[in-house]
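Order of listing sets the numbers, starting from 1, for every ligand and every atom in it.
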Amino acid sequence: MTTGKQLLIKNGTVVNADQSVVADVLCFDGVIQKIAENISTDEAQGAEVIDASGQYIMPGGIDPHTHMQLPFMGTVASEDFYTGTAAGLAGGTTMIIDFVIPNPQQSLLEAYKQWREWAEKSVSDYSFHVAITWWDESVHRDMQTLVNDYGVNSFKHFMAYKNAIMADDEILFKSFSRSLELGALPTVHAENGEVVFQLQKKLIDNGVFGAEGHPQSRPPEVEGEAANRVARIAEVVDIPLYIVHVSTKQALEVISRCRHEGQQVFGEVLTSHLLIDESVYYEKDWASRAAHVMSPPFREKSHLDALWKALQSGNLHTTATDHCCFCADQKAAGKEDFRLIPNGTAGIENRMEVLWHHGVNAGRLSINDFVRVTSTNTAQIFNIYPRKGHIQVGADADIVIWDPKKSKTISAKTHKQNVDFNVFEGMEVNGCPSHTISGGKIVYINDELKVEKGAGKYVNRPPFPAYYKPRPLHKRYDK
Ligand code: DUC
Ligand code: ZN
Ligand code: ZN
């Protein structure tokens, strides 16, 4: 018994992380029902047919790092779950993993329920990491409830943002130890919050109030130190670790050392960090400088080269956006003091096309690599593979049909993101989605969205059973 209309995609090349094959794809009931060399329209009677000649049929993108309508730094991110997931679909991204960020002392479950309510208007599928911003017995208990009853298998830790949401070493150790018991993956924003705080103060004392104070207070060493410390804490606890928005050679050195020594450390990179360098903080226009304020900041060019190499060689695994939008009037809060500029930039609509253009077209990534770093690795690391991140029978029919001949020039004037600035303004990209399919329905075609508010579903992510195996306390020294 099937419901809804069947969808038949013909004449394209199915691209997964492991191989590419010329095949037709039939979807109904929200899942992929058949993949075969030639599925006739007689067999799929009444199906809507898409001719994908000359195009690639790929798993829809998964953005593992977004902040829709985040209350942050005295304001609320301008993109909500409706506009943000719609902009994602326009760029071929069919799922996001956003962050529940409880205020210190706020119950984890209360915050989680609040975010679930906000996300009900999503037009694509979504899931949540939950941040550990404080510690007591209730946090210890609620982590278990989130894992066992609410489909959360990853917890986020901010090592920055002192006097707000920063997690110190005690919290990191306790939360990682609890995650190990529960089969959850710790993720971390690696910047030494104390050093950032001291550098900010020093800059202000020396009369630096402009947006250039932002990168100057967050030098690469601040990220390198935090990455090293947190990787060592994860090593002591003996748990895998996922480092979000890796932006420096210093953090990459940590990841490659850890992996070389057999420690499971995963790295995420933002498309913006691959392509934008720190010169944006020294432009004449204050508004443009402020529009680029995000943490970690954009870096000197040699870091960008190193990030690309790590993505190519497998030391970085996923690509994300940290999509967290603030308009010019919100950024203006920091006109007299860079510390008050809300941190965040947009990117969900452009992640895949920018990565295709500068990755695949530039010869840095194969099309299979492209799929691996835009969806498959994320699905595997966060335990939703092969339901997501793979074109196969039984997988969710979340698909992007990619036209390598389609071009566009990125601009805030034409983008669908609910923000008045685009960090990729004026960039021409060759290769864009012609169609996006979410849950078996065409939701983006001919540059137009056809979305239904609330059509997105919450995706439960099961815990990692492998973590449960009992581990001797001083395992490392039992040689
Ligand atoms: N960095 C940002 O730029 N915005 C939101 C949170 C973060 O870590
Ligand atoms: Zn962050
Ligand atoms: Zn973030």
Side-chain angles (χ1 to χ4, degrees), residues 62-80 84 88 96-103 115 126-133 154-167 172 186-193 196-197 200 211 213-215 217-218 220 222-223 226-227 230 241-248 251 266-273 276 278 280-281 289-299 318-327 330-331 333-334 338-348 351 378 382 417 419 421 423:
I62 308 173
D63 188 338
H65 189 154
T66 65
H67 300 283
M68 304 303 173
Q69 64 190 87
L70 175 70
F72 192 54
M73 296 183 74
T75 183
V76 178
S78 60
E79 189 92 280
D80 67 21
I96 60 168
I97 313 182
D98 204 275
F99 293 83
V100 172
I101 308 183
N103 290 320
W115 257 265
Y126 56 96
S127 195
F128 287 112
H129 314 276
V130 177
I132 303 301
T133 54
S154 51
F155 293 101
K156 168 79 177 281
H157 308 80
F158 290 90
M159 296 172 79
Y161 304 113
K162 181 178 149 120
N163 297 330
I165 52 177
M166 183 169 104
L172 294 175
T187 77
V188 64
H189 168 134
E191 285 187 301
N192 183 318
V196 171
F197 182 81
Q200 286 177 329
H214 179 72
S217 62
R218 310 180 100 97
V222 157
E223 183 176 318
V230 72
L241 178 69
Y242 179 94
I243 305 182
V244 308
H245 50 44
V246 174
S247 72
T248 59
F266 302 106
E268 169 195 280
V269 66
L270 307 184
T271 332
S272 53
H273 279 142
I276 296 164
E278 65 176 2
V280 292
Y281 299 115
R289 277 184 269 154
H292 287 94
V293 165
M294 64 165 300
S295 296
F298 297 114
R299 304 296 190 182
T318 63
T319 55
T321 58
D322 204 355
H323 188 80
C324 187
C325 301
F326 299 106
C327 293
Q330 295 174 289
K331 293 274 182 180
F338 68 86
R339 296 173 298 182
L340 304 178
I341 303 170
N343 285 204
T345 56
I348 193 166
R351 176 180 69 120
T378 294
F382 292 103
Q417 299 172 141
V419 63
F421 195 88
V423 292

**Q** Closest heavy-atom contact between A226 and N192?
**A** CB-N, 3.7 Å
**Q** Going by the rule side chain to side chain donor-acceptor pair (under 3.5 Å), which residues pair with T321 if we only count those two or more places apart in sequence or in a different chain?
**A** D63
**Q** Scan side-chain atoms only and decide if S247 and R299 contain a donor-acceptor pair under the 3.5 Å cut-off.
**A** yes
**Q** Test of understanding: with side chain to side chain donor-acceptor pair (under 3.5 Å), list the residues that count as partners of Q200, not counting sequence neighbours.
**A** none
**Q** Report every pair formed by an N or O atom of ligand 1 and a protein N or O atom separated by less than 3.5 Å, giving atom names and the distance to 0.1 Å.
**A**
residue	atom	partner	partner atom	Å
ligand 1	1 (N)	Y161	OH	3.2
ligand 1	1 (N)	S295	O	2.9
ligand 1	3 (O)	S295	N	2.9
ligand 1	4 (N)	N343	O	2.9
ligand 1	8 (O)	Y161	OH	3.2
ligand 1	8 (O)	H189	ND1	3.0

**Q** For the Zn ion (ligand 3), what is the number of protein N, O or S atoms at a distance under 2.8 Å?
**A** 3
**Q** Compute the ring centroids of F155 and H129, then answer whether they are less than 6.0 Å apart.
**A**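 That pair fails the under 6.0 Å test.
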**Q** Can you find a pair of side-chain heavy atoms, one from H189 and one from Y161, that are under 4.5 Å apart?
**A** yes
**Q** Under 3.5 Å, is there a donor-acceptor pair linking the side chains of Y242 and T318?
**A** yes
**Q** Any idea which heavy atoms bring H245 and S295 closest together, and the distance?
**A**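 Shortest heavy-atom separation between H245 and S295 comes out as NE2-O, 3.6 Å.
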**Q** For the residue pair S154 and F382, what are the closest heavy atoms and their distance?
**A**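 Closest heavy-atom pair between S154 and F382: CB-CE2, 3.9 Å.
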